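Report on the following structure.
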Number of protein chains: 2
Amino acid sequence: MTRSTLETAVAANHELFMQTGDRIESVLAEFGLTPATAQALWAIDPTEAPPSMKSLAARLYCNAPNLSFVMNQLTDRGLVERSADPSDRRSRVVALTEDGRRVRSAVIEATLALTPFAGLTDDELRQLVQLLGKALGRGGTGGPPQAPAAS
Amino acid sequence: MTRSTLETAVAANHELFMQTGDRIESVLAEFGLTPATAQALWAIDPTEAPPSMKSLAARLYCNAPNLSFVMNQLTDRGLVERSADPSDRRSRVVALTEDGRRVRSAVIEATLALTPFAGLTDDELRQLVQLLGKALGRGGTGGPPQAPAAS
DNA sequence: CCAGATGCTTCGAGCCTCGAATCAATTGGT
DNA sequence: ACCAATTGATTCGAGGCTCGAAGCATCTGG
């Protein structure tokens with residue numbers, strides 16, 4: 001192995017990201033989603049408290065204007081709703097609509113069916129999650145999952 | 001663990017990609033590179049035969065016009081050179097210039113220093129590369145590395 | 001009560017990506 | 001040898017994505 005293991009890992013991470021995005025592209029289009037809107041939709045976990053624009057932007061590594069733009073598309077599409085945070089009326093929290101929850105589930109479903117990771121066994125996946133989690137600095141086993149996700 | 005392991009793996013892979021990109025952003029700017037040009041530069045391995053536009057586009061999951069656009073930036077920047085392929089004069093092969101090789105090395109160096117994967121031990125990295133490689137369908141240990149890389 | 005800080009949005013600019021059209025070169029059939 | 005179809009690359013125009021600057025509303029500290 002001439003390339004360093006670290007370089008290979010970074011390259012493989014990148015490649016898997018690109019391949020996954022490439023494979024779900026047409027599915028997203030069927031739902032009227034773009035990579036950016038799909039990523040944002042995925043990042044809103046309906047089982048958690050609706051995030052503010054600020055926290056969502058941080059989660060997506062984008063700035064506030066960008067998130068406003070993307071959220072406008074999702075609200076136009078009827079998938080999310082913005083409402084004022086009662087405790088701080090400057091802040092707006094974003095929640096999925098009923099339709100938003102359905103589309104989000106469908107997108108995740110399709111992604112899990114198409115991602116190259118689907119070719120790994122359960123044991124391999126658990127090992128992998130362990131290693132990726134450590135790289136992300138999420139402690140041993142049970143750290144709170146706060147990750148966003150695929151484009 | 002309430003989320004499926006597969007979903008967690010996809011989310012973690014995505015998160016690592018985004019975090020890496022976020023961390024190297026300022027380094028790329030110092031080299032006058034954008035995410036797209038840096039990715040293309042990385043994808044040209046100087047130890048291999050210069051790829052054609054077509055094969056490079058496939059490697060980067062983009063189409064021909066897009067790659068033309070990105071390559072124009074890299075040639076303007078003096079990092080790559082295009083020349084006609086003698087065996088098929090429709091095709092143009094892309095090669096790094098001396099400066100291109102230097103900048104490419106520096107970008108990779110900076111990325112490896114900043115990526116969250118750097119927090120793993122050698123053993124963990126080897127395990128990880130093994131798993132990612134299997135997901136990518138690259139056989140056991142020695143499959144030919146053909147991956148592109150980070151933005 | 002006011003000055004500064006904070007959260008969000010709008011606006012304008014630049015970058016990224018794509019489909020359609022075009023040109024040059026190759027390939028295959030006759 | 002010729003011509004039609006194919007292929008690789010580029011240009012052009014449109015649209016999507018991302019950002020910094022500016023503006024507005026709200027909160028906080030003094």
Side-chain angles (χ1 to χ4, degrees), chain A residues 14 17-18 21-22 24-26 28-29 31-43 50-77 80-95 148 150-151, chain B residues 17-18 21-22 24-26 28-29 31-44 50-77 80-95 148 150-151:
Chain A
H14 182 108
F17 175 83
M18 295 296 284
D22 184 61
I24 65 175
E25 188 184 15
S26 59
L28 298 186
F31 284 112
L33 294 173
T34 62
T37 49
Q39 178 187 26
L41 187 66
W42 190 313
S52 68
M53 294 292 285
K54 181 185 179 63
S55 62
L56 244 192
R59 206 178 293 180
L60 296 171
Y61 298 94
C62 73
N63 59 11
N66 188 2
L67 186 59
S68 275
F69 175 80
V70 172
M71 281 302 126
N72 282 339
Q73 299 179 66
L74 285 175
T75 53
D76 291 350
R77 180 79 179 65
V80 308
E81 277 174 349
R82 277 185 272 212
S83 54
D85 177 350
S87 73
D88 183 346
R89 308 220 327 281
R90 290 171 303 179
S91 181
R92 288 169 179 276
V93 295
V94 182
S151 71
Chain B
F17 175 82
M18 297 296 285
D22 183 61
I24 65 175
E25 188 184 17
S26 58
L28 298 185
F31 286 111
L33 293 173
T34 62
T37 50
Q39 178 188 28
L41 187 65
W42 189 312
I44 303 174
S52 67
M53 294 291 285
K54 180 185 179 63
S55 63
L56 244 192
R59 206 179 292 180
L60 297 170
Y61 298 94
C62 73
N63 59 12
N66 188 2
L67 186 59
S68 275
F69 175 80
V70 173
M71 281 302 126
N72 282 339
Q73 298 180 68
L74 285 175
T75 54
D76 291 350
R77 181 81 178 63
V80 306
E81 277 173 349
R82 278 184 271 209
S83 55
D85 177 350
S87 73
D88 182 343
R89 308 220 325 281
R90 289 171 302 180
S91 182
R92 288 170 180 275
V93 295
V94 183
S151 72

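Treat the numbers as computed from the prediction; the structure is a model and nothing was measured. Chain letters run A, B, ... following the sequence lines, proteins first, then strands; residues in each count from 1.
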Check: When rounded to the nearest 0.5 angstrom, what distance separates CZ in B:R92 from CE in B:M71?
Finding: 13.5 Å
Next item on the list: For A:L41 and A:L74, work out which heavy atoms get closest and say how close.
Entry: N-CD1, 4.1 Å
By side chain to side chain donor-acceptor pair (under 3.5 Å) - contacts of [X] (at least two apart):
X: A:S87; result: A:D85
X: B:T34; result: B:T37
X: A:S55; result: A:S52

Notebook entry, point to check: Using the C1' atoms of five pairs at each end, what's the angle between the two axes of the helix from C:dC1-D:dG30 to C:dT30-D:dA1, to 10 degrees?
Noted result: 20°
Margin query: Enumerate the side-chain hydrogen bond (donor to acceptor under 3.5 Å, both in side chains) contacts for residues 62-75 of chain A, please, sequence neighbours excluded, ordered by first and then second residue.
Written below: A:N72-A:R82
Next item on the list: Ignoring backbone atoms, establish whether A:Q73 has a side-chain N or O less than 4.0 Å from OP1 or OP2 of D:dC17.
Entry: yes
Item checked: Any B:N63 side-chain nitrogen or oxygen under 4.0 Å from OP1 or OP2 of C:dT17 -> no
Checklist line | Test salt bridge (Lys or Arg N to Asp or Glu O under 4.0 Å) applied to A:D88 - qualifying residues, sequence neighbours left out | finding: A:R90
Check: So do B:S83 and B:V93 actually touch side chain to side chain, heavy atoms under 4.5 Å?
Finding: yes
Round to the nearest Å and state the distance from [X] atom [atom1] to [N] atom [atom2].
X: B:M18; N: D:dT18; atom1: CE; atom2: P; answer: 8 Å
X: B:D76; N: C:dC15; atom1: CG; atom2: C1'; answer: 15 Å
X: A:L74; N: D:dC17; atom1: CG; atom2: P; answer: 10 Å
X: B:L33; N: C:dC16; atom1: CG; atom2: C1'; answer: 15 Å
X: B:L60; N: C:dT17; atom1: CG; atom2: P; answer: 9 Å

Next item on the list: For A:C62 and for A:P86, find the nucleotide of DNA chain D with the closest heavy atom, then tell me which residue's nucleotide is more 5'.
Entry: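 Per heavy-atom nearest nucleotide, the more 5' residue is A:C62.
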Next item on the list: Measure the acute angle between the ring planes of A:F17 and B:F17, then classify it against the limits of 30° and 60° as parallel, tilted or perpendicular.
Entry: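 A:F17 and B:F17: parallel rings.
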Item checked: Annotated protein contacts, base or backbone, on nucleotides 1-12 of chain C with a non-hydrogen cut-off under 4.0 Å, one of B, S, - each -> -----BSSBB--
